[in-house]
Student: 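Got a structure for you, written out below as structure tokens; questions coming shortly.
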Amino acid sequence: MEMGKSLLFLLLLISLSLDVIVSANFYNDVDITWGDGRGKILENGQQLQLTLDHTSGSGFQSKNEYLFAKIDMQIKLVPGNSAGTVTAYYLSSQGPKHDEIDYEFLGNLSGDPYIMHTNVFAQGLGNREQQFYSWFDPTLDFHTYSVLWSPNQITFSVDGIPVRVFQNRETELGKVDSNYHYPKSQAMRAIQAFGMQMIGRLEVG
């Protein structure tokens, strides 16, 4: 299947500020983890550029790990025929029993609405996915997609409006389901996989 020109070379620009760092700099804060040269740090570390072409995309992860955090990403999704691409940002620990908090947007055919996917993994177990249709066209302008992860709950928000709250019910449900866990003990890295244009702000608390 032939992809449209808009998908042959897509550009991702990101700005980042960390509350715990006096002067945030991409050279100090992130590692470009894949993309074979498609990811670049520019403007003396103040800008990060990721590109997607017909061969591959690109991505990065934070150098530091965080136990509880807030992450805001301003995203404008790819318009038109974006089938075959995946736009994702998430927090994740390592290992077979990893914890993970996901935002994903799967590419689609022209005219079809984007579906926003959210998921939570704890101790390697997922199956907590919820999907949402946006009440706006996410390809027309930038919107802020947020994750607030605390010991008590995980809140997914769009433009400050909560769309999902995943509560820590481990004390209650753990008594009847030994497989129920809440991500509370494994520090996670912030990870970005490319398939859109985005400006991001990462706040850590």
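Predicted model only: the values in this text are computed from it and were never measured. Positions are given from 1 along the sequence. Heavy atoms only: backbone and side chains are in, while hydrogens, waters and symmetry mates are out.
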Student: Under the rule for side-chain contact (heavy atoms from CB on, under 4.5 Å), what residues qualify as partners of K184, not counting sequence neighbours?
Tutor: F68, N168, E170, Y182
Student: Is any side-chain heavy atom of V120 less than 4.5 Å from a side-chain heavy atom of P183?
Tutor: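 V120 reaches P183 side chain to side chain.
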Student: Please identify each residue that fulfils ring-ring contact (aromatic ring centres under 6.0 Å, His included) with F156, with sequence neighbours left out.
Tutor: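 Counting only residues at least two positions away or on another chain, F156 forms a ring-ring contact (aromatic ring centres under 6.0 Å, His included) with Y103.
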Student: Just grab all the salt bridge (Lys or Arg N to Asp or Glu O under 4.0 Å) pairs involving residues 85-96, residues at least two apart or on different chains.
Tutor: none
Student: Would you please name every residue forming a side-chain hydrogen bond (donor to acceptor under 3.5 Å, both in side chains) with S93, sequence neighbours left out?
Tutor: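 Partners of S93 under the side-chain hydrogen bond (donor to acceptor under 3.5 Å, both in side chains) test: Q186.
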Student: Take F166 and T118 through the test side chain to side chain contact (heavy atoms under 4.5 Å, CB included) and record every step on the way to the result.
Tutor: CA-CA 10 Å; F166 182 85; T118 65; over 6 Å; no
Student: Could you tell me which non-hydrogen atom of G57 sits nearest to which non-hydrogen atom of R38, and how far apart they are?
Tutor: O-CD, 3.5 Å
Student: Between the main-chain N or O of A190 and the side-chain N or O of S62, is there a donor-acceptor pair closer than 3.5 Å?
Tutor: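 Yes, S62 side chain to A190 backbone: donor-acceptor pair under 3.5 Å.
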Student: Can you list every pair that meets salt bridge (Lys or Arg N to Asp or Glu O under 4.0 Å) and has a residue in residues 56-67, with sequence neighbours left out?
Tutor: D31-K63, E65-R189
Student: Do T144 and D72 get their side chains close enough for a donor-acceptor pair, meaning under 3.5 Å?
Tutor: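 Distance-only check fails for T144 and D72.
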Student: side-chain contact (heavy atoms from CB on, under 4.5 Å) with Y27: which residues, sequence neighbours excluded?
Tutor: N25, I41
Student: Among all residues two or more places apart in sequence or in another chain, which pass the side-chain contact (heavy atoms from CB on, under 4.5 Å) test with T139?
Tutor: L77, P79, Y114, D137
Student: What residues form a ring-ring contact (aromatic ring centres under 6.0 Å, His included) with F121, not counting sequence neighbours?
Tutor: H98
Student: Stepwise, does the ring pair (Phe, Tyr, Trp, His ring centres under 6.0 Å) test hold for Y89 with Y145?
Tutor: CA-CA 10 Å; Y89 82 85; Y145 301 84; 7.7 Å; no
Student: Y133: what forms a ring-ring contact (aromatic ring centres under 6.0 Å, His included) with it, not counting sequence neighbours?
Tutor: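 Y133: no ring-ring contact (aromatic ring centres under 6.0 Å, His included) contacts found.
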Student: Show your reasoning for whether side chain to side chain contact (heavy atoms under 4.5 Å, CB included) applies to Y66 and M188.
Tutor: CA-CA 5 Å; Y66 308 102; M188 301 195 230; over 6 Å; no
Student: Would you mind listing the cluster partners of Y90? Hydrophobic ones only (ILVMFWY), side-chain contacts under 4.5 Å, chaining allowed.
Tutor: I191
Student: Give me each pair satisfying side-chain hydrogen bond (donor to acceptor under 3.5 Å, both in side chains) with a member in residues 120-129, each pair once, sequence neighbours excluded.
Tutor: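 Every side-chain hydrogen bond (donor to acceptor under 3.5 Å, both in side chains) pair that includes a residue of residues 120-129, provided the two are not neighbours, is H117-E129.
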Student: Just to verify, which of T155, I71, L67 counts as forming a side-chain contact (heavy atoms from CB on, under 4.5 Å) with W149?
Tutor: L67
Student: Could you tell me which residues satisfy side-chain contact (heavy atoms from CB on, under 4.5 Å) with Q94, sequence neighbours excluded, listed by chain and number?
Tutor: none
Student: Kindly determine whether F60 and D29 satisfy side chain to side chain contact (heavy atoms under 4.5 Å, CB included), including the steps that lead there.
Tutor: CA-CA 10 Å; F60 71 87; D29 301 335; over 6 Å; no
